[in-house]
Visitor: 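Quick one: this structure, given as structure tokens, is what I'll be asking you about.
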Amino acid sequence: MKKIVCLSVLFVFCLTWALTCHAASTAQRQAMLGALGSGVVEQEKARGPNEKESIQAQQRVSPDAVYPQKDMARPLTRQDIMMQSQVQGLTEQRRLPINNRKESVPLEAPPAWAQTPYNGDLVNQLRPFGADLFLGNFAGTWQSGMQGHYQIKPGDRIMVRLWGAVTFDGVVVVDQQGNIFIPEVGPISVEGVTNAGLQGSVDRQIKEVFTENVEAYVDLLSSQPVAVFVTGHVVRPGHYAGGPGDSVLYFLDRAGGIAPDSGSYRHIEVKRGRHLVASIDLYDFLVRGNLPDVQLEDGDVILVTKRGAGVSAMGLIRQQARFEFAAKKGQKGKDLLAMVQPQPGATHVSVSGTRNRAAFHTYMSLEEFSAFALRDEDVVEFHADRPGSTIMVGCAGAITGSSRYAVRKGCTLKDLLYYVGVDPATANCQAIYLKRRSVAMQQKKAIDDALRNLEKSVLTARSQSVDEAKIRVEEAALVQDFVKRASLIEPDGVVVVSHKGDLKNPILEEGDMIFIPQKSDVIQVVGEVAIPKAVVFDPRMKLKDYVESAGGFTDRADKSTVLVMKPNGEIGKVATLGITPGDQLMVMPMYDSKAVQAIKDIVQIIYQLAVSAGVVLIPLWT
């Protein structure tokens with residue numbers, strides 16, 4: 001009895017406590033709602049009459065107001081702004097959809113499920129600026145040395161012809177003293193004479209023996225090859241042969257090019273014995289096309305020195321690469337800007353490196369970067385950090401006005417439709433849809449992943465016997481053919497924005513294409529029918545009537561699975577969506593689960609292709 005009394009007292013206490021809490025909570029909610037209502041009243045009082053009228057006008061927006069179906073003789077206007085917006089020269093405020101409410105800015109980043117690739121460390125993938133020079137293009141050529149600046153050397157062959165008081169016609173060789181010998185004339189010195197000055201030099205020396213009545217003609221027939229040492233920071237140091245007219249680039253290319261991690265593109269030396277003949281900066285050749293005119297000789301040495309101070313540049317520039325500075329210190333951002341040529345959209349720069357043996361990071365505008373002091377091994381990335389306030393979207397279909405519109409970010413579909421003129425006689429305003437680039441990319445990504453998993457499952461399937469292994473091999477060949485054909489199909493990226501006349505109002509993205517289909521009384525019948533064709537819509541006809549008008553089902557048709565694609569992009573079963581004018585009926589194939597082991601995955605991919613691209617892909621084994 002005491003236990004019952006105690007339990008009763010405890011029950012009454014708990015009930016009283018719960019009612020008290022509920023009353024307090026209710027009072028608190030009422031107080032909050034009262035404060036909220038007071039705030040709304042104050043905001044209404046603060047609004048001007050123009051703002052109130054604008055908000056009321058927005059609340060009255062509907063698809064019927066955007067696209068009236070009757071008595072529309074010209075593009076729909078909003079106080080004639082829409083018609084005037086087509087006239088060039090109007091201000092941006094008249095060309096863009098404007099309202100007094102706050103714009104909802106769309107997210108720049110996709111959601112996590114979008115499966116966008118992760119951008120890893122790109123610095124290690126960068127090649128030195130100028131690395132494309134050494135791909136074998138210079139090593140595949142050979143200069144004979146017949147250029148005008150070529151200097152005659154011992155061993156060269158020269159054709160000489162004399163007529164008049166003395167006649168001679170023959171080929172002479174330059175001896176070790178640098179002379180050629182002509183009968184009745186004697187030795188003539190030609191070593192060191194350029195090919196362009198050879199004729200004049202021989203004429204002058206002949207005139208010293210025969211002052212008149214002797215004419216001469218000389219021509220350099222061949223030159224001696226040279227062998228040059230290529231050493232230092234190159235891929236394959238060694239001794240390489242070439243023509244005396246070949247450039248330094250020829251020999252560097254023969255040596256495999258400059259070592260990408262250690263070689264310098266700005267400090268290349270040409271040595272003859274202990275003397276420095278030339279110092280070459282390949283950046284001068286890469287940027288301005290200047291290359292020192294150096295005639296190489298036997299035994300010359302081409303030395304590629306150690307790479308100097310440099311930075312890695314990437315982002316919004318013409319060429320992402322590792323750039324080397326001519327000097328070791330004192331380099332500013334403006335020196336790098338002169339080489340990388342940022343793209344017009346680049347506005348900011350991030351710099352990562354080491355200062356005082358500690359990690360260093362900074363971020364600045366492009367103007368501030370010009371005076372910034374760079375250090376060796378800095379990583380510089382150029383960004384576009386001033387997003388534009390407008391995007392470009394397009395319209396197509398049964399429209400009468402412009403096909404491209406520059407609108408503010410955050411503009412919605414209905415905002416833009418105020419400015420789109422349509423032809424009421426042909427436009428199907430109940431079937432508006434849009435195509436979005438990001439959606440098409442995600443659809444393609446999903447299909448590619450499914451194809452990759454399908455191929456993996458087929459190629460790694462185990463066999464219990466030799467006969468089963470042969471079947472698996474044939475199966476794999478068929479699946480690979482299916483994967484190859486399916487990978488070539490590109491999704492449309494259709495976004496369904498209307499359903500039974502109810503138009504949604506999504507925020508537009510860059511590159512969106514809005515489609516206003518034309519009215520159609522035709523039903524397309526495709527897929528597993530005898531003769532895919534178009535049939536005029538008849539409200540008395542059923543699904544089987546349309547199929548029979550296309551020749552009936554094929555032997556491979558799945559009679560229980562017929563999809564319908566609506567003009568607005570909706571796809572579903574006929575039993576759910578019905579058949580209306582302008583629809584496309586897709587008869588799906590039927591598959592024997594015993595034919596291929598991975599038939600479920602294949603069917604899923606076929607349905608993905610049908611939904612995303614409107615294509616019924618038939619495997620070869622059906």
Side-chain angles (χ1 to χ4, degrees), residues 130 133-161 169-182 187-202 205 217-259 263 265 267-282 285 289-305:
L133 283 176
F134 306 113
L135 300 177
N137 297 324
F138 293 104
T141 61
W142 188 78
Q143 297 291 340
S144 62
M146 301 305 178
Q147 298 93 339
H149 64 272
Y150 173 71
Q151 296 180 352
I152 308 299
K153 297 184 296 183
D156 292 348
R157 298 169 66 246
I158 301 174
M159 181 189 69
V160 180
R161 290 179 180 175
D169 188 353
V171 177
V172 295
V173 180
V174 181
D175 58 26
Q176 295 302 315
Q177 285 74 36
N179 301 324
I180 57 174
F181 184 83
I182 302 176
I188 296 178
S189 176
V190 293
E191 183 178 10
V193 178
T194 64
N195 186 23
L198 179 61
Q199 180 71 53
S201 178
V202 172
Q205 296 183 61
Y217 174 77
V218 294
D219 184 32
L220 177 64
L221 294 181
S222 64
S223 58
Q224 294 297 307
V226 297
V228 175
F229 294 95
V230 183
T231 185
H233 296 271
V234 293
V235 177
R236 295 188 300 271
H239 197 205
Y240 296 94
D246 286 322
S247 67
V248 172
L249 295 175
Y250 167 83
F251 291 97
L252 289 174
D253 205 4
R254 288 286 305 275
I258 298 174
Y265 283 75
H267 302 286
I268 300 173
E269 299 177 352
V270 178
K271 292 186 174 182
R272 190 164 297 155
R274 295 183 177 274
H275 300 286
L276 181 64
V277 177
S279 181
I280 300 174
D281 182 357
L282 289 183
F285 172 71
N290 300 327
L291 188 66
D293 187 8
V294 181
Q295 181 175 324
L296 297 172
E297 298 181 1
D298 255 342
D300 283 355
V301 176
I302 300 176
L303 175 64
V304 178
T305 61

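Side-chain atoms are counted along with the backbone in the values below, which use heavy atoms only and exclude waters and symmetry mates.
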Visitor: Looking at OG1 of Thr305 and NE2 of His233, how far apart are the two atoms once the value is rounded to the nearest 0.5 Å?
Guide: 7.0 Å

Visitor: Taking the side chain as C-beta and beyond, is there a heavy-atom pair between Gln205 and Ile182 under 4.5 Å?
Guide: no

Visitor: Short question: side chain of Asp169, backbone of Arg161 - any donor-acceptor pair under 3.5 Å?
Guide: no

Visitor: Using the side-chain hydrogen bond (donor to acceptor under 3.5 Å, both in side chains) criterion, which residues pair with Glu269? Sequence neighbours excluded.
Guide: none

Visitor: Give me the atom names and distance for the closest heavy-atom approach of Gly232 to Leu303.
Guide: CA-CD1, 3.8 Å

Visitor: For residues Leu291 and Leu282, report the shortest heavy-atom separation together with the two atoms involved.
Guide: CD1-CD2, 4.5 Å

Visitor: Looking at CG of Asp281 and OH of Tyr265, how far apart are the two atoms once the value is rounded to the nearest 0.5 Å?
Guide: 12.5 Å

Visitor: Which heavy atom of Gly256 sits nearest to which heavy atom of Val235, and what is that distance?
Guide: O-CG2, 3.3 Å

Visitor: If you compare all heavy atoms of Leu249 against all heavy atoms of Phe285, which two are closest, and at what distance to 0.1 Å?
Guide: CD1-CE2, 3.7 Å

Visitor: CD1/Ile180 to CG/Leu198 distance, rounded to the nearest 0.5 angstrom?
Guide: 7.0 Å

Visitor: What verdict does the side chain to side chain contact (heavy atoms under 4.5 Å, CB included) test give for Gln199 and Tyr217, after you've listed the backbone C-alpha separation in whole Å, the side-chain angles of each residue and the deciding distance to 0.1 Å?
Guide: CA-CA 7 Å; Gln199 180 71 53; Tyr217 174 77; 4.0 Å; yes

Visitor: To the nearest 0.5 Å, what is the distance between CG on Asn290 and CD1 on Ile280?
Guide: 12.0 Å

Visitor: If I compare all heavy atoms of Asn179 with all of Ser189, which pair ends up nearest, and what's the gap?
Guide: OD1-CA, 3.1 Å

Visitor: What is the distance from atom CD of Glu191 to atom CG of Asp175, rounded to the nearest 0.5 Å?
Guide: 9.0 Å

Visitor: Let me see the working for Ile152 and Val174 under side chain to side chain contact (heavy atoms under 4.5 Å, CB included), right down to the final yes or no.
Guide: CA-CA 8 Å; Ile152 308 299; Val174 181; 3.7 Å; yes

Visitor: Sequence neighbours excluded, which residues qualify as side-chain hydrogen bond (donor to acceptor under 3.5 Å, both in side chains) partners of Asp253?
Guide: none

Visitor: Angle between ring planes, His239 versus Phe229, binned at 30° and 60°: parallel, tilted or perpendicular?
Guide: parallel

Visitor: Set out, in order, the CA-CA distance, both residues' side-chain angles and the distance that settles side chain to side chain contact (heavy atoms under 4.5 Å, CB included) for Leu296 and Asp246, then state yes or no.
Guide: CA-CA 8 Å; Leu296 297 172; Asp246 286 322; 5.9 Å; no

Visitor: I'd like to check Leu252 versus Ile268 (side-chain heavy atoms, cut-off strictly below 4.5 Å). Are they in contact?
Guide: yes

Visitor: Which heavy atom of Leu276 sits nearest to which heavy atom of Lys271, and what is that distance?
Guide: CD1-CG, 4.3 Å

Visitor: Which residues pass the side-chain hydrogen bond (donor to acceptor under 3.5 Å, both in side chains) test with Arg272, not counting sequence neighbours?
Guide: Asp300

